[in-house]
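The block underneath contains the structure these notes are about, expressed in structure tokens.
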Amino acid sequence: MNDDKEKRLISLLAVRRHEAFWQRQEKEILAAAAGRPSHRKAWLLAPAAALAALLFFTAKPQTPAPAPENQLVSTAFLEHLDLLDDMDVLEAVPENEL
Amino acid sequence: MENEKKTKPEGLAGKDPESAFALLIEEHQRLVYAVALRLTSNTDAAEDITQETFIAAWKHLKDFRGESSLKTWLLRIAANKARSYWRWKKLRNWVGLGRGEGEEGAPALEDLLPDRAGDRPEQAALAADLERRVQAAIALLPPRQREVAVLRSQELSMAEIAAALGMAEGTVKAHWFEARKKLEASLGEYL
């Protein structure tokens, strides 16, 4: 693999848009920042939802141990969310910088 | 890289807030949008992430410690929001609310048109096809390799990528090595 090939690859991966696209986007950002009602998407709340799910599933149980099938569901849920896998990310990139 | 300038937070001082914010957007919107698009494969999500990234950055500019460049700080915010997007998407799929991918989030054809009106139809079709292939190749990468490849494709240095993603520089190099091999295999006909 050589440097020329890397440059061609990087150029290929670039995102190109019409100038009008960038102008429209800039206007939309400025309008949103100017206090017009934000159309905040549900997924922007994902960190809070993930943390809530983690706390819920790791909280000390107040009731007798759940049946094995319930434990399976909990484990599947955690695995599916990749919460454990994401812990390094949450630590490396503090959410309070957002 | 295209349109890259080097405004620092102090470079925004002295301007009225709206002008300073507009300057920040003008200088970095291409970069932030490109990263958001490549990380999510979804144009709607990329526009939302771009918007939220700038608004969050503007709100917290006074808290910016200057330990990294403004550019890497913005990209760190955008990468965080892209991760949030994937967590939300996984959660939706898990509870059975996920939609089929299809053309969801595909770029509008007019956004891919070149500036010169005379070139339009053929170039737009070619650009759209290339865009799909590039996006598909990136989407095949594992998440960490994808993040590194996307930032590298914006011509960030290994050190800048490490700062933006909170990784060791050696880890970034290893991810880029693997990602590059896979991308060259997927997109070899264009290289």
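Reckoned from all heavy atoms, side chains included, excluding hydrogens, waters and symmetry mates. The chains referred to below are lettered A, B, ... by the order of the sequence lines, with proteins before strands, and numbering in each begins at 1.
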Notebook entry, point to check: Has the side chain of A/Ser11 got a donor or acceptor atom that lies under 3.5 Å from a matching backbone atom of A/Lys7?
Noted result: no
Check: What residue, out of A/Arg8, A/Lys27, A/Gln23, has the most heavy-atom pairs lying under 4.5 Å from chain B?
Finding: A/Arg8
Next item on the list: Verify, without hydrogens or angle tests, whether B/Ser186 (side chain) and B/Leu183 (backbone) share a donor-acceptor contact under 3.5 angstrom.
Entry: no
Margin query: Check the orientation of A/Trp22 and B/Tyr33. Use parallel for under 30°, tilted for 30 to 60°, and perpendicular for over 60°.
Written below: perpendicular
Check: Knowing that exactly one of B/Glu178, B/Arg180, B/Lys182, B/His175 qualifies, which makes a side-chain hydrogen bond (donor to acceptor under 3.5 Å, both in side chains) with B/Gln145?
Finding: B/Lys182
Check: Which region of B/Arg38, side chain (C-beta onward) or backbone (N, CA, C, O), has a non-hydrogen atom less than 4.5 Å from a non-hydrogen atom of chain A, or is it both or neither?
Finding: side chain
Check: Between B/Ile25 and chain A, which part of the residue has a heavy atom less than 4.5 Å away: side chain, backbone, both or neither?
Finding: side chain
